[in-house]
Amino acid sequence: GIYHFPLFCYLVESGFEVFVLNPLITDSNKNSGIRKVKTDKNDSLRIAKTGYTHDLKVSLIPSNLVINLRSLSREYYNLSDAKTAYVNKLHKELRMVFPSYSKVFSNLTGKTSILLLKTYKTPTAILNAPKDEIVSLIAINSRKGLKYANEKYNQLIKAAELSKYFGQHLESVFDLVQLNIEFIEIYNSKIENILTKIKDFTIKYEHENFIQQIHLLDSIKGIGFISAVALMCEIGDFSAFSKPKQLYAYFGLDPAVKESGKFKGTKTSMSKRGSRLARRVLFTIALVSVRGSRSGTPNNPVLHAYYENKKQSKPKMVALGAVMHKISNIIFAVLRDNAPFVMRTPEQHKMCHNTKLSIAA
């Protein structure tokens, strides 16, 4: 949480050496006694005793730059989620009154689609509008020429005609469509402002090592700028990780093992004891990496081949989890070596490794 932060800042400014504990550590000691007692006095005594534990793991407090960027990146995803909720509402309302519209514009929130819905609020308005007017609007805003605009106009007229039979003219729903569009535009504006502020920070502190690490993550195939910022902000100080498995566990991707005696759990799942946002970003990167591009070639051929091989013996989601593990290892390697990402097949990796061993020998 954030409730510790003002006290932490005050104690640091007062000259104390301050450490922060993960609440999971203090909470794990609540059952150390037999009696079921929950009072502030007992809690404070238990937490104080926890502080005397040998080799107690403490959390690292990030710098102001990391905190600033972390706050902005988390708000970016919060706003994106809120916008998605209104996009889903827009889909729902249009299915009621204009069912075939989504077949004309697959991206309902695109510039051309939004402008059409704002200009011609009902299917009837579209049918009554001059053809040249609608074609001109589509051609100018889509920037794809008159041929594309005429094709879209014909599809739009057909969809408007079908709405007479498969839709229902409900004034309240058409009003809600306009309301949802207003909210979507507001969120688009706020998201753009957040992105601008994030970019301003990266430009202002471009010589900082943390910003250089963001650019290193951005060099990895499948990771975009905002994903690199979010991941690096969730990682914080990379020097805290000496092994790839530590970073893997920090993301909460490590398995939650259940064993007792001869019993060994077969349904192993992720522990999810790390940053939820980091796992979300890694999952998105994994999807992008194994997905094919418009040309038909995979975005990341190496991870795509690995994913296809895993799918032969594992369910799709388990295979994606394995890809997330691979991406975590790639992130660790790039930050450890302080070098941009280079696409290599497993065979090329083996050759490089053997070459290094030969040089060392």
Around atom [atom1] of [X], are there more than 12 heavy atoms of other residues, nucleotides or ligands at under 6.0 Å?
X	atom1	answer
Tyr148	OH	yes
Asp40	CG	no
Leu146	CG	no

Are [X] and [Y] within salt-bridge range, i.e. N to O under 4.0 Å?
X	Y	result
Arg46	Asp43	yes
Glu161	Lys158	no
Glu234	Arg74	yes

Before we go on, tell me: are the rings of Phe210 and Tyr205 under 6.0 Å apart, centre to centre?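 That pair fails the under 6.0 Å test.
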
For Phe332 and Tyr248, I'd like to know if the aromatic rings sit close, meaning centre-to-centre distance below 6.0 Å.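 Between Tyr248 and Phe332, which both carry aromatic rings, the centre distance is not below 6.0 Å.
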
So which pairs with a foot in residues 103-126 pass salt bridge (charged side-chain N to carboxylate O under 4.0 Å, His left out), sequence neighbours left out?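 Checked against salt bridge (charged side-chain N to carboxylate O under 4.0 Å, His left out) - neighbours excluded - the pairs reaching residues 103-126 are Lys118-Glu185.
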
Pairs in or reaching into residues 269-287: which pass salt bridge (charged side-chain N to carboxylate O under 4.0 Å, His left out), with residues at least two apart or in two chains?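 Matches after skipping sequence neighbours: Asp81-Arg280.
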
Applying side chain to side chain donor-acceptor pair (under 3.5 Å) to Ser113 and Tyr101, what does each step give before you reach the verdict? CA-CA 9 Å; Ser113 173; Tyr101 185 81; 3.0 Å; yes

Would you kindly say whether Lys83 and Asn188 are connected by a side-chain donor-acceptor distance under 3.5 Å?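 Side-chain D/A pair, Lys83 to Asn188: present.
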
Verify the distance criterion only: is there a donor paired with an acceptor across the side chains of Tyr120 and Glu133 at less than 3.5 Å?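 Their side chains do contain a donor-acceptor pair, which is all the 3.5 Å distance test asks for.
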
Both conditions, 6.0 Å and 45 degrees, for the charged tip of [X] above the ring of [Y]: are they met here?
X	Y	value
Lys326	Tyr306	yes
Lys89	Tyr86	yes
Lys152	Phe105	yes

So which heavy atom on Ile194 is nearest to which on Leu72, and how close?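 So the two residues come closest at CG2-O, 3.4 Å.
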
Side-chain touch Asn150/Ile138, heavy atoms, less than 4.5 angstrom: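 The answer is no; the side chains never approach within 4.5 Å.
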
